[in-house]
Amino acid sequence: MLLINCPHCGPRAQAEFGFERPVETILPVDASTATMVERLYTRTNARGVSAELWRHSHGCRAWLRIDRHVVTHEILCVALWVALWQAPQ
Amino acid sequence: MQRYSAWNLFKHGLRGHKGWQPAWRSPEPKAHYDVVIIGGGGHGLATAYYLAKRHGIRAAVVEKSWIGGGNTGRNTTIVRSNYRLPEMQALLEHALKLWEGLSDELNYNVMFSQRGAIFLGHSDGDMARLAERGDALRCAGIDAELLSRAQVHKLIPLLDISDAARFPIVGGLIQRRGGTARHDAVAWGYARAADALGVDIIQQCEVTGFAIAGGRVTGVETSRGHIGAGRVGIVVAGNSGHVAGLAGLRLPVESHILQAFVTEPVKPMIDTVIMSQSLHCYISQSDKGEIVLGGDPDFYPSYTQRGQPMRIEEVAGQAIGLVPALSKLRMLRGWAGTTDMTCDGSPIFDETPVADLHINGGWCYGGFKATPGSGWLFAEQLATGRVADLARPFGLGRFASGATVDEAGSGPMPHHR
Amino acid sequence: MSGYRLASGGLVDRTRPVAFTFDGVSYSGFAGDTLASALLASGVSIFGRSFKYHRPRGVLSAGVEEPNALVTAGQGGRAEPNTRATDLFLTPGLVATSQNRWPSLGFDLGAVTALIAPFIPAGFYYKTFFGGPKLWRFFEHFIRRAAGLGPAPRLADPDSYQHRAAFCDVLVVGAGPAGLAAADAAAGAGKRVILCEQDAIVGGALLRDAAEIAGLPGRDWAAAVCARVIAAGGRVLLRTTATGYHDHDLLTLGEKCAEPGEDAPSLSAQRLWRVRASRVVLAPGLVERPLVCPGNDVPGVMLSGAVRTYVQRFGVAPGRRAVVAGCSDDADRTAAALRAAGVEVVATIDYRRGETLDTVKGGNRVSTVIASVGGMTRSFACDTVAMSAGFTPSVQLHMQAGGTLAWHDGCAAFVPATSRQAQVTAGAAAGIEGLAAILASGWAAGGGDVADAPQTRAERHCCHGFAPPPRGARTTAFVDFQNDVTSRDLDLAWREGYRSVEHMKRYTTLGMATDQGKTSNIAGLLQLSRNEGRPAPDIGLTTFRPPFTPVTLGVLAGEDGGLHMAPRRVLRLKAQHDRHHPLWQPLGYWHRPRAYPRDGETLHSAAMREARTVRSNVGLSDVSTLAKFDVQGPDAGAFLELVCATGIAKLAVGRGRYTFMLREDGMVMDDGTVWRLGDARYLLTSSTGGAARMEAHLAYVRGVLAPHMRVAIVEVQEHWAAFAIAGPNARSLVETLACVSAPKHMGCLAVVVAGVECWLLAASYSGERAFELYVPGDVVVPVWEAAEALLHAAGGALYGLEALELLRIEKGHIVIGAEATGRTTPHDLGLGKMLRVSGGYCGAAGLARPMLQAVDRQALVGLEADGEIPEGAMLVRAAGEAPMGHVTSVGSRVLGQGGVALALLAGGPARTGEQWLATSPTRGITVPVRVTAPLFHDPEGTRYRD
Ligand SMILES: Cc1cc2nc3c(=O)[nH]c(=O)nc-3n(C[C@H](O)[C@H](O)[C@H](O)COP(=O)(O)OP(=O)(O)OC[C@H]3O[C@@H](n4cnc5c(N)ncnc54)[C@H](O)[C@@H]3O)c2cc1C
Ligand SMILES: [Zn+2]
């Protein structure tokens, strides 16, 4: 079971978190259909580091970007999603 | 091919079994094959077998490790065709019919055992959905039978059928032709039969790249050098995304972990394959006596073939809820496979944007049951360059068009199903 | 006969006899005995029967690696099959039973398989039993009965189990000298230590070979170390096995609070610990390997170290005349221990001198050994053989943790090389020999300075060495004892092409028995290596995975097994419902009243009465389980426009609207209502079953796609209890109840009922004039009771889910899971006209895909028939044709006659008026149906509109 270091809550067991999706599949509400097909229906799915969106759903409920190696399960970094987010211009 | 039979077993027994020949050769790769199949799992080996048998093409199967060591050798071996959607029904019923003759076809006992596969219903609502599935199946000519609580109990006396159960059992839907098979034997049986027809099975040979010229694949780069090919089929299950990535392709596939485990063997206690409409656990007993258990995937991407303990704990809790007598049995062995989860839960048969590079994958956690059918159809695809009729609904284009085959109705996120 | 207990010695408590039975015969041992030691002391030599050939088997080992001596411990629901007699400490009244034999252990008919053994080599079943699945099922029936070890349990388990979580600075696995030294060093440095040991007492190898450490007798030193660990705030867990080493240094430990089969007074029979450790010291020691030679499984043949353990720890002589065969100093020690105990050692066979053990003879007990000694073949009469082919370091946990291995020539086995997690292996498991060096390695692993390591003057005792498997494989030279895998089977597998170590394992079942290959995998590897002509390290081992030793499903489930596998959510008003004796209906985690039958009513007649009362008078229903979200903030409306596919912006304060939400692929995800309670405050409701999904979706859109919006969403499903009041007389009831003039259809109002502030919403699901009252859950009872009193005064009725269904089907309202299958678009469900034309909602892009616009898609219709329509039935034009749709929900006309239903049908509403068949082959029913609009009651909505 992974140990995820939530920026709000500190290191917590994976059981408190939920995986949401790879960051590359995040789709803005106003996306075109072509973008929708590309984002929702293709994956890099590489044997390496994957940028993912998780949620501390049984904790502070923050959305987190987690860079995680999917072959070793090593977690390279955990960041608050809002801190990375850029408002649409 | 040396024939397997009771008589030959007896004859060889008299000579101390010294006379048995290798089930397959270990050939060096040739410079060029008409068809190269990547992945020596059940699906890849079955493809090679039918390619040779039905189309007269002697392919090479390249396997990075040992044959059958992927999901073929890691699954809970449930075979059934009782799906809800007609496209899946047709695909898997075709496979099921092949299963019924497979041991004799291959002259290798794959122990396909039609012990019946039952879905338990825990409410009238569950039963309505099971009736719907059963009716859809029967209309498609596939066997399905609704069972009352008493009938379920008779089949599986150790089930807790009391009202006090957390999810009381009110009935079930059984496919009597469903059951289990011996997973390793499927890989080995196909390998032996394919080898006898001249297929080269090349183990310890990992595909590390593709030779592509003018938008057309001309061969594969492997850990044992370049192998030229007229056509290439990717059949690598959990590694579909990775291998397609070597050709610069992105697939509607995410690789997730699915675990399974067995208990220490005991005398027969569960004859039928048990699944549930509401719970996420499935139970069967192997011929050896081990109780085989599985559940949900781990719900996040991973290639580790290593699962999280909480999933096992959850499955154990649910299994005890269904069959209380399981509590004192001990988990003996657990393992995990990397499954190729697609964005609608259904498999993929298609030619990729790279000409002559074909893919058969995306079987998620349910492709063992498809093994013979998948091989049959993909062989036809590799032989003719055209996707076979039964496989036509499973093209890559379905996602853009909206014609997804979403059996679970749970949408594009693989871990939501 | 009790002649095998030595007159003195051992660590058993001779003042505390313990009575037990084995196969119905009464025996007595001492506290501290295992079942194996007590039975050996009583002269028992056959403990069990092997899996395939039903060969009589004795005890091979003295630990968890035991492949042979498996028994069922305990009785009734506590019976635990396949329990190792060597890992079962005697408890008073233990009832142990042998397994896999019939009629008795001494005379087992199954043993006839030995006669056909030459014809059933490894994998024989792949080569025969052809002729189709029916024939295979026939043979399989008998194979299944012959297979399996212990009896199948039949009863529920009366015991309870527990999960516990713990954290520590240093987790030490194994309380032998290395583990104790590590724990001591760590505790001395102020670390919180958890020391776990699968045995019932600490000491490990010291229990077999006494030694002086740090100036104290070894066991006293061990006790002192444990005291220091506890004093430093740590724990010592006995009978606790580290079963799994998982990601990020999480280990699972299985603790036996009671022995298998014991009727234990303690709260839990077993406990599963999840320990997250900053550092992990693995000191699991060694497992001895048997020699491979014909007859190596005859009862009386034991591992050399085990023989010594029985003598020195348990005070039991395993026999009278022994042959000792080994390949290191360790065997010499065994011979010395036997002699000291008065057992005659008739021969020592030393592989270091090129001597070999060639054959063991005997039926139910060893009688003769044939060996090559001093260049000659000799035969020795004996009743016991102590054998050793070397020792295998226990590297399982290290490998589970992702560590790599290196080949150790001295042991002819693998030892840990590099680690990936915070684990370090110490002591014998690291390939270290000699007590002093082992103590030093443990001390260092625990963080101590080697100069301060505990000292010992014990002579250096070398256990490295190895006996190669003999050439010329034989049928009765066992490599895997339990599964009856012989060296000949391994050669056959290799000859047939099963040449990778995994193929060999799977083809022969080597290492797949309940001992998980602990005693057999190196022997198998060495034989494969010789066949392949490749060095063993190039071939490698099969992967080790949890559990290290088998763990019960009961303890895996812990408190969450069976009844507690999922929470049961209870309605706030359960007691109020129970007064009317409802039929309860499970709905996800909830139970809801399905109907409130009165005397003699069936479910259906009760539901019909309730529904009719709603249509003709007034009804009251508990709808508290609906998902509810309180959405507030200046951007609340804009946010809801992202989520809801219908118009929201124009909603006035005090008004509400039906709405639905799409998945990103354009399919209908959920539906409900949205109410504007204030300028910047909305209440959103959606389906009960979809509550968790909707919560996640709202959180996703808000937190990930629109973090800039000034909006807060609180899930208030359980904060608000809710009930519906519906029927022609609903308005007057509500007005009396709330002392207000009731809002118009789709209006909402804050009201006070029974002193409680509530929201009154005018919404109709039933097709009648209807209201929903949202009441803070903790004070709902007086409000409900006030409403119920008025209801009864008006001659109205409570109505449950079943009536709710009848009513909504007549109105054509969809239900998530029935009509909205997750494969249906708003167009399919007749909701297309409500889509917001301006777009901008989640799912709009997905919905625009061409196949989702096609006209021949299955779409929502109504069906009517003279009688009942079978739910779930397929819709076909004519018998035998392919279905073009199915019946999604069924009901009866509440006021009229005949059955009505909702359905999804290809072509949808365009087929109105057509005749179809609703066919259910599984129920043997086919009903002619007429396609209608999905609306059977008051199509204009005159009954609730203003
Ligand atoms: C725990 C578990 C339980 C399951 N239970 C069931 C069940 O009960 N019923 C059911 O129907 N299905 C089940 N499945 C799914 C089923 O196992 C798979 O869908 C099916 O076996 C896939 O077969 P395959 O031959 O395509 O894949 P695999 O057997 O995985 O074969 C793919 C092969 O490709 C090889 N490969 C990968 N990359 C390369 C490369 N670069 N070069 C060369 N070779 C490569 C791999 O080594 C592997 O051998 C389960 C899966 C798991 C993990
Ligand atoms: Zn947090």
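Chain letters run A, B, ... following the sequence lines, proteins first and then strands; every chain starts at 1. As the structure is a prediction and not an experimental result, all values here were calculated from the model.
Neither the backbone nor the side chain of C:Ala882 comes within contact range of chain B, judged by heavy atoms closer than 4.5 Å. For chain B, the nearby parts of C:Pro81 are the backbone and the side chain; heavy atoms of each come within less than 4.5 Å. Neither the backbone nor the side chain of C:Thr824 comes within contact range of chain B; no heavy atom of the residue lies under 4.5 Å from a heavy atom of that chain. Contacts of C:Met512 with chain B are made by both backbone and side-chain atoms, with heavy-atom separations under 4.5 Å. Contact of C:Thr821 with chain B is made through the backbone alone, with heavy-atom distances under 4.5 Å. Heavy atoms of C:Phe544 lying under 4.5 Å from chain B are absent altogether. Heavy-atom distances place no part of C:Leu847 under 4.5 Å from chain B, backbone and side chain included.
Applying the side-chain contact (heavy atoms from CB on, under 4.5 Å) criterion to C:Phe139, with sequence neighbours excluded, gives C:Phe129, C:Leu135, C:Trp136. Partners of B:Ala128 by side-chain contact (heavy atoms from CB on, under 4.5 Å), not counting sequence neighbours, listed by chain and number: C:Glu871.
Crowding of C:Arg154 atom CZ: a count of heavy atoms from other residues, nucleotides or ligands under 6.0 Å exceeding 12.
Comparing C:Arg849, C:Met565, C:Lys127 by how many heavy-atom pairs each has under 4.5 Å with chain B, the most go to C:Lys127.
Two rings, from B:Tyr4 and C:Phe130, have their centers 6.0 Å or more apart.
Using the six-membered ring where Trp is involved, B:Trp188 and B:Trp24 have ring planes that are tilted, between 30° and 60° apart.
Side chain of B:Thr263 to backbone of B:Ile291: a donor-acceptor contact under 3.5 angstrom is found.
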